[in-house]
Amino acid sequence: MNTLDTSNPHNYAYLPDGKAGTTKHLEIHILGGLKTGKMESLRVTLSIQRIGKLSDPHNVLRHSLDLYNDTQVEKFTRKVAERLEIGTSIVRSTLQALTKELENYRFLLIAKEQEAARPFFKALTGAAEKEAVRFLKQKEVLKKTNDLIGKSGVIGEETNRLLMYLIFTSRKTNNPLHCISLGSSGVGKTHLQSKVAELIPEEDKIEITVLSANAFYYFNRTELQHKLILIEDLDGAESVLYPLRELQSKKRITKTVVHKDAKGTTKTVHLTVEGPVSVAGCTTQERVYEDNSNRSFLLYIDESHEQDIRIMNYQRLISAGKVNEDEEFKAAELLCNVQRVLKPIKVINPFAEYLALPESVFKPRRTNSHYLQFIEAITFYKQYQREQKTNEETGEMFIETTIEDIEEANALIMDVLLRKSDTLTGACRDHLERLKAYLQENNQTTFTNAEIRRHLRVKETTLRRYHAQLLAEQYIRRVKKARTGDRSYCFEITDVNEYQTLKAQINHALHACVSRLSTATPPAVRQGPHGEVNEQQAN
């Protein structure tokens, strides 16, 4: 009995009873293995020789043919019989048996490829699932989540890391959020994103370094649905920023291409990839990617001296072997399992009509949408603390937002709204605040470029760019030197308290919204004595 030995993927051997390389009359090798792309053909390259004449190189015949092509097989049979001096019936029967073996093995290869391409999904044990659900049912779950993120190895960035984790969680909803981490080179933008991404299950994220222009269009139709797309640097994804924006806004992208089928007929094919997706990226260039920034939460990395000290101390502890890596792994694993037990469910915010953004926020339409979606993301994360209700008309299950969710959202989103209300870029704002602190510390009201460059250690080109923006926006003004009659100038800040005033306005507006909620009972919140929903509008 002949068998197919596939131990060498580049050189299969057709064997009798497991004996190396021979059938009863012929020794056959399949060079280069099998291709699984075209099922309508079985094209192979065969090396065939007769037993007993191994030393004669003229008795080895190599030939490429399609074993499904009867004409080619018949010609090859006669050629082998003539060259190797063997009966055509023996060659024909051997090739027929070989074809059947190769056919069966190709089906096995295709099954393995399909299994390998199937999305990975980790099934939780009963104990792991109970632990994750128990964690989500705790009081102050957001605070405890933030603490656990810190235990997993994310140093500092208390607000940014929790914001990022909740934004990544929103991928499971129908209206995911997106974020862009901003900061100067080397401050840890990519590190923060990658560390928080480690808290998301592998099966739910796609990490990308560089993309070609048409990369997104060739994913399977539903391959990206409810996935987290992580882009290490937006500079590497510049060619796909447009489809990425469409995927964020419209939740699907479509491209029409011309394609030739197997018969050579030209036809138009529509390549469609469905969302929704949550997108996260890092960049140092805020204004270069303004269209993408408008669709995202902008997270400015903490570049303070205190954060430098925290990170360097942690690096020293790692080098000294004093970091409990097992504790970090368990914290990350628990947060991954928390993500796995979150189930898709609709969120209704009955307080939405009472919420209003501060008037100082730029582009309020899109920012307002992000604000409401972020509140829904918090409610979604706390789904195990909410009663599931049913829409009597559609039968759809849903949970409702509480005032507590809104208060927690306001506390986390304060810095985001503050940045959205600022006319300056994040880097320029940070420079201005450092400048204010320097002047206050030295009891000064005026300064020169040379002085600031020396004391704040800012490159000249960077400093001139910052000051050009501050002059254009009238945050600083030129003042002629009093003691000298030359043409040199120094500068002064026009309003030292403008940022604190803006922050107070936003804080007041958010607190005013919460205060209104405590005196108004919106629809679908007031319940009867038996828990039934009363749809009557509050006065």
Side-chain angles (χ1 to χ4, degrees), residues 119-173 176-179 181 188-207 226-230 277-280 282 297 299 301 310-311 314 318 323-345 347 374 376-386 399 405 408-409 411-413:
F120 170 77
F121 178 78
K122 180 180 177 180
L124 293 180
T125 63
E129 184 174 352
K130 287 180 181 178
E131 183 185 17
V133 172
R134 185 166 57 248
F135 178 84
L136 287 172
K137 287 182 176 180
Q138 297 179 101
K139 294 181 178 180
E140 298 184 333
V141 67
L142 290 188
K143 181 180 180 301
K144 292 177 180 178
T145 297
N146 204 357
D147 293 341
L148 208 56
I149 295 173
K151 290 180 181 178
S152 71
V154 182
I155 305 303
E157 300 285 1
E158 283 82 3
T159 300
N160 280 342
R161 70 193 189 192
L162 183 56
L163 266 171
M164 192 176 286
Y165 184 75
L166 291 171
I167 289 168
F168 291 176
T169 302
S170 71
R171 77 192 183 282
K172 289 196 162 190
T173 68
L177 295 165
H178 319 280
C179 68
S181 299
K189 302 179 298 297
T190 305
H191 178 72
L192 175 64
Q193 178 176 284
S194 61
K195 288 296 290 184
V196 178
E198 289 177 4
L199 312 178
I200 305 298
E202 289 293 329
E203 62 269 23
D204 287 352
K205 62 187 177 184
I206 297 175
E207 299 185 59
H226 300 290
K227 289 288 194 296
L228 170 62
I229 299 176
L230 298 162
V277 298
S278 177
V279 180
C282 304
F297 277 55
L299 306 182
I301 301 301
R310 285 192 288 266
I311 291 175
Y314 180 72
I318 291 177
V323 172
N324 190 335
E325 294 182 357
D326 185 56
E327 181 180 296
E328 288 188 353
F329 174 78
K330 288 180 179 178
E333 186 178 36
L334 175 56
L335 287 173
C336 279
N337 291 341
V338 162
Q339 292 287 319
R340 291 186 174 103
V341 299
L342 291 171
K343 306 299 181 185
I345 189 168
V347 175
F374 184 66
E376 291 176 10
I378 290 178
T379 305
F380 177 81
Y381 188 67
K382 298 165 78 171
Q383 60 182 251
Y384 284 94
Q385 301 180 20
R386 299 286 183 266
I399 56 177
D405 298 340
E408 290 178 322
L412 285 171
I413 210 172

| Close side-chain approach of T169 and Q339, heavy atoms under 4.5 Å | yes
| note | In this structure, CD of Q193 is separated from CG of L228 (nearest 0.5 Å) by 8.0 Å
| query | Would you say the side-chain atoms of Q138 pair up with the backbone N or O of F135, donor to acceptor, closer than 3.5 Å? | reply | yes
| field | CD1-CD1 distance between I399 and I345, expressed to the nearest 0.5 angstrom | value | 5.0 Å
| said: Quick one, V338 and Y384 - any side-chain contact, counting heavy atoms below 4.5 Å? | reply: no
| field | Sub-4.5 Å side-chain heavy-atom contact between V323 and I318 | value | yes
| remark: Here the pair of heavy atoms bringing L230 nearest to A197 is CD1-CB, 3.4 Å
| task | Spell out, as yes or no, whether a donor-acceptor pair under 3.5 Å connects the side chain of S170 to the backbone of T173. | result | no
| task | Assess whether atom NZ of K151 is packed by more than 12 heavy atoms of other residues, nucleotides or ligands within 6.0 Å. | result | no
| task | Would you check if E408 and K382 make a side-chain contact, meaning some heavy-atom pair closer than 4.5 Å? | result | yes
| remark: In this structure, CD1 of I413 is separated from OG1 of T159 (nearest 0.5 Å) by 12.0 Å
| query | What pairs of residues pass the salt bridge (Lys or Arg N to Asp or Glu O under 4.0 Å) test when at least one of them lies in residues 130-145, not counting sequence neighbours? | reply | K143-D147
| query | Can you find a pair of side-chain heavy atoms, one from P176 and one from V277, that are under 4.5 Å apart? | reply | no
| field | Test item: Q383 side-chain N/O and F380 main-chain N/O as donor-acceptor pair under 3.5 Å | value | yes
| note | On a heavy-atom basis, the closest approach of C179 and F168 is SG-CE2, 3.9 Å
| L166 side chain near L142 side chain, heavy-atom distance below 4.5 Å | yes
| task | Apply the side chain to side chain contact (heavy atoms under 4.5 Å, CB included) test between I149 and each candidate in R161, M164, E158; give the one that qualifies. | result | R161
| said: So R171 and K205, do their side chains get closer than 4.5 Å, heavy atoms only? | reply: no
| When you check the gap from the basic side-chain N to the acidic O, do K330 and E333 get nearer than 4.0 Å? | no
| Does Y165 use its side chain to pair, donor to acceptor, with the backbone of L199 at less than 3.5 Å? | no
| field | NZ-OG distance between K172 and S278, expressed to the nearest 0.5 angstrom | value | 13.0 Å
| field | CG on L148 to CG on L335, rounded to 0.5 Å | value | 4.0 Å
| Do any N or O atoms from the side chain of T379 and from the backbone of V347 form a donor-acceptor pair under 3.5 angstrom? | no
| request: Report the distance from atom CZ of F297 to atom CG of L412, rounding to the nearest 0.5 Å. | output: 10.0 Å
